[in-house]
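All heavy atoms count here, side chains included; hydrogens, waters and symmetry mates do not. Chain identifiers are assigned alphabetically (A, B, ...) following the order of the sequence lines, protein sequences preceding nucleic acid strands; residue numbering begins at 1 within each chain. Computed from a predicted structure; not experimentally measured.
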Amino acid sequence: MEKSTQVKGGRREAAPIPPFEQETLEGWGTPRGRLMARPFFEAAPEWVAPRLLGKVLARRSGRGWLAGRIVETEAYLGPHNDPPDPAAHSHRGPTPRNLVIFGPAGHAYVYAIYGRSYCMNISCETEGKAGCVLLRALEPLTGMEEMARNRELRQDAAGRELTSGPGRLCQALGLTRAIHNGLDLLDPGSPLQVWECGIVVLEALVTPRIGIREGADRMLRFALPGCEYVSGPKRLIGKRVFLG
DNA sequence: CTGTGGATTTGCT
DNA sequence: GCAAATCCACAGG
């Protein structure tokens with residue numbers, strides 16, 4: 001069957017990014033994407049956070065997956081840094097709550113906040129060293145209907161209301177501390193995984209982190225420039241950087 | 001054991 | 001723009 005060519009305003013539109021399909025995750029190692037590798041995360045959070053933009057977070061749900069492209073992140077630094085990061089949960093050393101951050105890289109740190117939301121982070125640095133990246137927004141890719149149900153939105157809800165914000169994206173994917181904290185995101189058998197799917201992000205918008213008091217001056221928030229799925233105000237005070 | 005406050009969201013003004 | 005909602009880790013006694 002011949003595909004019809006989309007034409008608007010007399011101009012052919014730029015080729016869209018190939019849709020992320022469920023089959024991509026069902027068949028491991030397809031050319032369309034692959035599970036990420038550990039060494040990527042065994043680095044400093046301020047290196048990992050911008051380079052996580054464009055990667056895909058996927059949660060197994062029954063036979064299918066709920067998945068979204070990561071479009072906004074924040075780095076939280078471990079106490080071994082100079083200067084230390086007073087906004088990080090790990091800054092006073094390991095506790096039962098934040099233990100995952102001190103463990104091996106590539107694991108999910110999920111915590112409850114304000115009694116109504118969960119936030120999800122990915123642990124960085126090698127085992128024994130703390131550091132993590134908070135996921136602040138996703139571009140929904142598959143499973144939008146189930147995300148809408150999880151968020152208690154109307155069934156045809158789409159776009160930024162689904163996953164723009166750290167609490168929202170956890171609710172959309174059904175992530176909780178009880179079930180998902182500590183899961184290995186890089187294990188093929190894990191119900192929660194991080195994939196790279198051929199998108200290479202060369203440029204990121206860097207701004208101060210959101211919703212914190214201490215350490216609010218540090219430029220540790222990263223977002224895809226101009227992306228409509230990013231949380232917070234439309235006007236972002238920040239600068240663009242190139243990722244090498 | 002109790003008091004406190006937070007890496008948020010939502011609804012109302 | 002502001003405040004309520006509402007949970008739990010942690011610090012202090």
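Proximity note for A:Tyr111 (side chain, C-beta onward) versus B:dG6, B:dT9, B:dA7: the nearest is B:dA7. Closest to the side chain of A:Tyr109, from the set B:dA7, C:dA9, C:dC8, is B:dA7.
When all heavy atoms of A:Val110 and A:Thr176 are compared, the closest pair comes out as CG1-C, 3.7 Å. When all heavy atoms of A:Pro188 and A:Gln193 are compared, the pair lying nearest together is O-NE2, 3.0 Å.
Two different hydrophobic clusters hold A:Tyr109 and A:Leu185 under the rule that ILVMFWY side chains link at heavy-atom gaps under 4.5 Å.
An aromatic stacking contact between A:Tyr114 and the base of B:dG6 is absent, as defined here by ring centres under 5.5 Å apart and ring planes under 30° from parallel.
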Problem set entry | Pair assignment for DNA chain C - dot-bracket with | for other-strand partners, Watson-Crick or G-U under 3.5 Å | |||||.||||||.
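The only member of A:Phe41, A:Phe222, A:Phe40 that meets ring-ring contact (aromatic ring centres under 6.0 Å, His included) when paired with A:Trp47 is A:Phe40.
Ion pairing between a basic and an acidic side chain is recognised when a charged N comes within 4.0 Å of a carboxylate O; A:Glu196 and A:Arg51 show no such pairing.
In this structure, A:Arg92 does not reach the C:dA9 phosphate: none of its side-chain N or O atoms is under 4.0 Å from OP1 or OP2. The side chain of A:His89 contributes an N or O atom lying less than 4.0 Å from OP1 or OP2 of B:dA7. At B:dG6, one or more side-chain N or O atoms of A:Arg213 fall inside 4.0 Å of OP1 or OP2 (strictly under the cut-off).
Here A:Asp85 contributes atom CG and A:Ile212 contributes atom CD1; the two are 7.0 Å apart, rounded to the nearest 0.5 Å.
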